[in-house]
> 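Provided herewith is a single structure, encoded as structure tokens, for subsequent inquiry.
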Amino acid sequence: FVEDYVLPKFSKTKKGIPKSMEEVLQPANLSFLMQYPGSKRIDRIVERRPEGVVGDGAQGTRRAWIEVIFADGTSQRLFVKLHPSDIMIRSFINTIGLYDNENFFFQNIATTIPPHLSVLTHYSKKVGSRCLYIQEDLYDSGHTLLSLVDTCDDQKIRAGLAALAELHYV
């Protein structure tokens, strides 16, 4: 951070979560959320949506696949998920407890699962009806996420069942 760095507006509010994806993806705000050390200055952030990825099937949750490029030339690929801007959709999702369950999982359960069976979550927060998750970009590490209409071959099914068996063993 530079010497005249000012805390983001959202950090001073009761909600403590940005209202828009644009706000999340401002370099100073992302540095604050990810707690990058002062020596790890963000040069720029580039959207890197994987080929063929549609995003949220419910058309509500805002998602971004990004590459954070640092001043020292290194980079990090991330997946960002932010609550819907539409209060009606957000209310429905919260009524069924989806964000409570996701947040509980990422903060309390995922950290106990072997790393190769769970996504690395850098930031997970839910306040009121708002939530924000910043995670590793699974596409960047060669994973393919299937939609509800994609089919699986035997190899993928066996790999899924093996991972499920290992998860139950833990």
Side-chain angles (χ1 to χ4, degrees), residues 5-36 42 44-68 76-115 117-141 143-152 156 160 163-164 167-168 170:
Y5 179 77
V6 178
L7 286 177
K9 272 185 178 178
F10 67 83
S11 69
K12 300 173 191 174
T13 68
K14 209 165 114 180
K15 297 292 182 199
I17 294 177
K19 292 180 181 178
S20 69
M21 189 62 78
E22 293 74 25
E23 191 177 2
V24 173
L25 298 182
Q26 290 176 10
N29 293 348
L30 191 62
S31 287
F32 174 80
L33 293 165
M34 293 289 290
Q35 299 181 4
Y36 290 133
I42 295 176
R44 66 190 182 283
I45 298 170
V46 181
E47 186 169 348
R48 300 275 189 223
R49 180 182 290 264
E51 178 102 16
V53 172
V54 176
D56 181 23
Q59 301 299 314
T61 306
R62 294 168 286 177
R63 298 162 186 232
W65 290 263
I66 60 171
E67 181 176 10
V68 180
Q76 181 179 24
R77 299 283 298 260
L78 299 170
F79 170 70
V80 182
K81 181 178 175 182
L82 183 65
H83 60 269
S85 56
D86 185 302
I87 189 66
M88 295 302 288
I89 295 172
R90 203 162 68 224
S91 296
F92 172 76
I93 291 171
N94 278 287
T95 298
I96 62 173
L98 180 64
Y99 290 153
D100 288 325
N101 292 339
E102 280 186 340
N103 198 54
F104 182 83
F105 177 82
F106 293 132
Q107 287 190 350
N108 301 294
I109 298 172
T111 57
T112 67
I113 296 173
L117 293 177
S118 184
V119 63
L120 174 61
T121 301
H122 299 285
Y123 185 89
S124 172
K125 187 172 186 177
K126 179 184 181 298
V127 179
S129 68
R130 297 180 180 186
C131 73
L132 173 64
Y133 308 115
I134 302 174
Q135 301 169 319
E136 70 177 314
D137 179 355
L138 291 176
Y139 288 98
D140 189 46
S141 54
H143 292 83
T144 302
L145 305 178
L146 302 177
S147 74
L148 294 175
V149 297
D150 290 329
T151 57
C152 289
K156 288 179 183 173
L164 186 59
L167 186 59
H168 282 335
V170 176

> Under 4.5 Å between any side-chain heavy atoms of Ile17 and Val24, yes or no?
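Counting from C-beta outward, Ile17 and Val24 never come under 4.5 Å.
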
> How many angstroms lie between CD in Glu22 and CG in Asn29, if you round to the nearest 0.5 Å?
11.5 Å

> As an exercise, state the distance from CG of Asn101 to CD1 of Ile93, rounded to the nearest 0.5 Å.
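Interatomic distance, Asn101 CG to Ile93 CD1, rounded to 0.5 Å: 12.5 Å.
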
> Does the side chain of Val119 reach to within under 4.5 Å of the side chain of Phe106, using non-hydrogen atoms?
yes

> Quick check: do Leu132 and His83 have side-chain heavy atoms less than 4.5 Å from each other?
no

> Can you find a pair of side-chain heavy atoms, one from Glu47 and one from Met21, that are under 4.5 Å apart?
no

> Taking all non-hydrogen atoms of both residues into account, name the closest pair between Ile42 and Pro27 and its distance.
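It is CD1-O, 3.5 Å.
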
> Just so I know, are the side chains of Ser124 and Phe105 near enough to count as touching, which here means a heavy-atom distance under 4.5 Å?
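Ser124 does not reach Phe105 side chain to side chain.
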
> With the side chain counted from C-beta on, respond yes when Tyr123 and Leu30 share a heavy-atom pair under 4.5 Å apart, and no when they do not.
no

> Spell out, as yes or no, whether a donor-acceptor pair under 3.5 Å connects the side chain of Asp137 to the backbone of Trp65.
no

> Look up atom CD in Glu67 and atom CG in Leu78, then write down how far apart they are to the nearest 0.5 Å.
9.5 Å

> Starting at OH of Tyr36, measure out to NE2 of His122 and round the result to the nearest 0.5 Å.
7.0 Å

> To the closest 0.5 Å, what do you measure between CD1 (Ile66) and CD1 (Ile134)?
7.0 Å

> Work out which heavy atom in Lys126 is nearest to a heavy atom in Asp100; give both atom names and the distance.
CE-OD1, 3.1 Å

> Provide the closest heavy-atom pair for Ile45 versus Gln26 in the form atom of the first, atom of the second, distance.
CD1-C, 4.4 Å

> Please work out whether the ring planes of Tyr133 and Tyr99 are parallel, tilted or perpendicular, with thresholds of 30° and 60°.
perpendicular

> Does the side chain of Lys125 come within less than 4.5 Å of Leu33's, by heavy atoms?
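Contact flag for Leu33/Lys125 side chains = no.
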
> Could you tell me if the side chain of Ser20 sits less than 4.5 Å from the side chain of Arg62, heavy atoms only?
yes

> Supply the atom-to-atom distance Cys131 SG to Asn94 CG, rounded to the nearest 0.5 angstrom.
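With rounding to 0.5 Å, SG (Cys131) is 7.5 Å from CG (Asn94).
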
